[in-house]
Amino acid sequence: MTLTLPGFDHVRLPGAGGVELAAAVGGRGTPVVLLHGFPQTHLMWRHVAGRLAAEHTVICPDLRGYGASDKPAATGPDVYAKRAMAADVVALAAALGHERFALVGHDRGALVAFRAGLDHPETITHLGILDIVPTLDMWNVLRGASAAVGYHLFLMAQPPGLPETMIAGSADAFFGSFLDAWADDPAAMPEDVRAAYLRASAAAVTSIVADFRASAGIDVVHDQADLDAGSQLAMPVTVVQQDWGAHLGYDAAGVWKAWAPDLDHRLTRAGHFMAEEAPEEITAAIRDLLAR
């Protein structure tokens, strides 16, 4: 049985460069796009999307390479660049008639949202970020033994071949390890939802690895170019994250302030999967963002 967002329509619409995205769309009002993380699909927004749909048109796509969206072959570094994935989201919203919209992303989706905010400042009205720092900063703060928490980033950064083979050979164990280790409240992710994430991830090993590999290559190039140019996020930005700064020894709010002058930085006691573990808190943070 395919799990869905109750009361939402499910559509397939064009992204960028011939890629089609699957998305759940519901509600009425000013548009908000919600982007999922790893190793998940748009289903992670099941508690938040319905709450927001009372006041907004809510659009929850599967990112390129994930879930029911297209998984193009990684014929070059740009195919899974966050720049390409951000262009997907802008094209999807435009296909639904929205030239401007608020954008909230979690984990991988937050990296896409960050890139969309820099590349499309005229389109993104508000930006919400859940539990990341930008790609360039992420590599800079992963140092010493504490960097072991991000071992998967280093594994999937390797040249094509070995990472895909290793992960495909133990897909449920690999992807399931993150669902188990990163959740402070396992009950927030019922078994049917967990199984749906594992099925979707096992069917997308090659494209998921390509997404992560881009974050060790072309995404760093793009972030560095923006840093060198002094580019910043022009819209109101809310960041909600675990206290990774204390764990890894850096100033998380300071990292974000350099990119986002109009910043609301919040720490949460929820685990990484905060939209599922603390949906009321995350919904409130998004509503506060949209009111700015």
Open item on the list: Within the structure provided, determine whether T30 and T57 are in side-chain contact (heavy-atom separation under 4.5 Å).
Closed with: no
Open item on the list: Hydrogens and angles aside, do R108 and S215 bring a side-chain donor and acceptor to less than 3.5 Å of each other?
Closed with: yes
Open item on the list: Please enumerate all residues that pass salt bridge (charged side-chain N to carboxylate O under 4.0 Å, His left out) together with D131, with sequence neighbours excluded.
Closed with: none
Open item on the list: Quick one, F114 and P134 - any side-chain contact, counting heavy atoms below 4.5 Å?
Closed with: yes
Open item on the list: Are F38 and F212, when compared by the centres of their aromatic rings, separated by less than 6.0 Å?
Closed with: yes
Open item on the list: If I take atom CD from residue Q242 and atom CE from residue M274, how far apart are they, to the nearest 0.5 angstrom?
Closed with: 5.5 Å
TODO: With sequence neighbours excluded, tell me which residues meet salt bridge (charged side-chain N to carboxylate O under 4.0 Å, His left out) with D243.
DONE: none
Open item on the list: Side chains of D137 and W259: any donor to acceptor distance under 3.5 Å?
Closed with: yes
TODO: Step by step, work out the salt bridge (charged side-chain N to carboxylate O under 4.0 Å, His left out) result for R269 and E281.
DONE: CA-CA 10 Å; R269 294 184 180 274; E281 176 185 355; over 6 Å; no
Task: Distance, nearest 0.5 Å, that separates CZ of R115 from CG of L103 - done: 13.0 Å
Task: Check: Q241 and H265 side chains under 4.5 Å, non-hydrogen atoms - done: yes
Open item on the list: When you compare the side chain of F273 with that of Q40, does any pair of heavy atoms fall below 4.5 Å?
Closed with: yes
Task: Ring geometry between Y151 and F178 (parallel below 30°, tilted from 30 to 60°, perpendicular above 60°) - done: parallel
Open item on the list: So, using ring pair (Phe, Tyr, Trp, His ring centres under 6.0 Å) as the criterion, who are the partners of W45 when residues are at least two apart?
Closed with: none
Task: M189 vs M44 side-chain heavy atoms within contact, under 4.5 Å - done: no
TODO: Using a cut-off of 6.0 Å, state whether more than 12 heavy atoms not belonging to M235 lie near its atom CE.
DONE: yes
Task: Inter- and intrachain pairs under salt bridge (charged side-chain N to carboxylate O under 4.0 Å, His left out), touching residues 148-169, at least two apart - done: E164-R213
Task: Exercise: do D226 and S231 side chains pair donor with acceptor under 3.5 Å - done: yes
Task: Residues in salt bridge (charged side-chain N to carboxylate O under 4.0 Å, His left out) contact with D219, at least two apart in sequence or another chain - done: K82
TODO: With the side chain counted from C-beta on, respond yes when W244 and V149 share a heavy-atom pair under 4.5 Å apart, and no when they do not.
DONE: yes
- [ ] Quick one: list whatever passes ring pair (Phe, Tyr, Trp, His ring centres under 6.0 Å) with Y250, sequence neighbours left out.
- [x] none
- [ ] Quick one: list whatever passes side chain to side chain contact (heavy atoms under 4.5 Å, CB included) with R292, sequence neighbours left out.
- [x] P236, T238, D262, D264, L289
Task: Contacts of type ring pair (Phe, Tyr, Trp, His ring centres under 6.0 Å), residue Y66, not counting sequence neighbours - done: H36
- [ ] Provide the full list of side-chain hydrogen bond (donor to acceptor under 3.5 Å, both in side chains) pairs with a residue in residues 140-149, sequence neighbours left out, each pair given once.
- [x] none
Open item on the list: Would you say that L155 contacts I167 through its side chain, given a criterion of any heavy-atom pair below 4.5 Å between the two side chains?
Closed with: yes
Open item on the list: Could you work out, with salt bridge (charged side-chain N to carboxylate O under 4.0 Å, His left out) as the rule, every residue matching R12, not counting sequence neighbours?
Closed with: E20, D70
- [ ] For H272, enumerate each residue passing the ring pair (Phe, Tyr, Trp, His ring centres under 6.0 Å) test, keeping only those at least two apart in sequence or located in another chain.
- [x] H106, W182
Open item on the list: Heavy-atom count check: over 12 atoms from other residues, nucleotides or ligands less than 6.0 Å from R266 CZ?
Closed with: yes
Task: Student check: side-chain heavy atoms of P61 and D88 closer than 4.5 Å - done: no
Open item on the list: Checking P186 now: which residues fulfil side chain to side chain contact (heavy atoms under 4.5 Å, CB included) with it, not counting sequence neighbours?
Closed with: none
